[in-house]
Amino acid sequence: PGNAPPHKPYARLKKQIVMIRKLISATMLALSVITVSADNDGKVESINQAEFSEKIFDYSTREKPVIKSERPAVIDFWAPWCGPCRRLAPVMDSLAVRYKGKVDFYKINIDNNEAIARQLRVSSIPLVLFVPVDGNDVQGMMGVYPTDAYVDVVDEYLLGMPSKSR
């Protein structure tokens, strides 16, 4: 070691760094694939007010909303500072998986989307809206309830079938 050229230890270190970078790149690629497949596997989609108007209904009109979605939708109005909202998030995630392909689930951060919160008169959060596609009125639940309460509304109001939770 005493008579080895000084660049040899650095060459080995450089090879290790290159291998670590390759490992990190492969890991990041794998994570992005997992994330993409999870997004298509019954997840709650975070949307903004423009996407709400595009996917659900134009909230800026005073007329009865014309639903644009092909499937019923559940929209969770929330904020990061709201404790009850954070408790509701896993419930919405589990419902999104349960109703995959039957009901679309969205969440809207009211801190970042004040115009829609003001226009829809969201005065307290969490507020969950249930948007049917059959022309019935949009319904809402304010606060946090047991999972079965949301299941009942989705089954009976959005899907028109007897609730499985009873």
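In this text, all values refer to a predicted model and were calculated from it rather than measured experimentally. One-based numbering along the sequence shown.
Separation of atoms CG (Leu129) and CE (Met141) is listed at 11.5 Å; rounding is to 0.5 Å. Between Glu114 atom CD and Asn109 atom CG the span is 9.5 Å, to the nearest 0.5 Å. In this structure, the separation between CG on Leu120 and CD1 on Ile110 is 11.5 Å, given to the nearest 0.5 Å. Atom CG of residue Leu158 and atom CZ of residue Arg71 lie 12.5 Å apart, to the nearest 0.5 angstrom. Lys107 contributes atom NZ, which lies 6.5 Å from atom CG of Asp93 (distance to the nearest 0.5 angstrom). Note that NZ of Lys100 is 11.5 Å distant from NZ of Lys102, once rounded to the nearest 0.5 Å.
When all heavy atoms of Pro72 and Val133 are compared, the pair lying nearest together is N-CG1, 3.7 Å. A pairwise comparison of heavy atoms in Phe130 and Tyr157 identifies O-CE2, 4.3 Å as the closest pair. Here the closest non-hydrogen pair linking Met142 and Ser123 is CE-OG, 4.5 Å.
Residues satisfying the side-chain contact (heavy atoms from CB on, under 4.5 Å) criterion with Glu45, sequence neighbours excluded, are Ile47, Lys55, Tyr106.
Between Arg98 and Val154, every side-chain heavy-atom pair lies at or beyond the 4.5 Å cut-off.
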Listing, residues 75-92 side-chain donor-acceptor contacts under 3.5 Å, not counting sequence neighbours, or none:
| residue | atom | partner | partner atom | Å |
| --- | --- | --- | --- | --- |
| Trp81 | NE1 | Asp111 | OD1 | 3.3 |
| Trp81 | NE1 | Asp111 | OD2 | 2.7 |
| Arg86 | NH1 | Pro80 | O | 2.8 |

Self-check item: Tyr99 vs Asp155, side-chain hydrogen bond (donor to acceptor under 3.5 Å, both in side chains): CA-CA, chis, key distance, verdict
Solution: CA-CA 9 Å; Tyr99 293 104; Asp155 285 349; 2.6 Å; yes

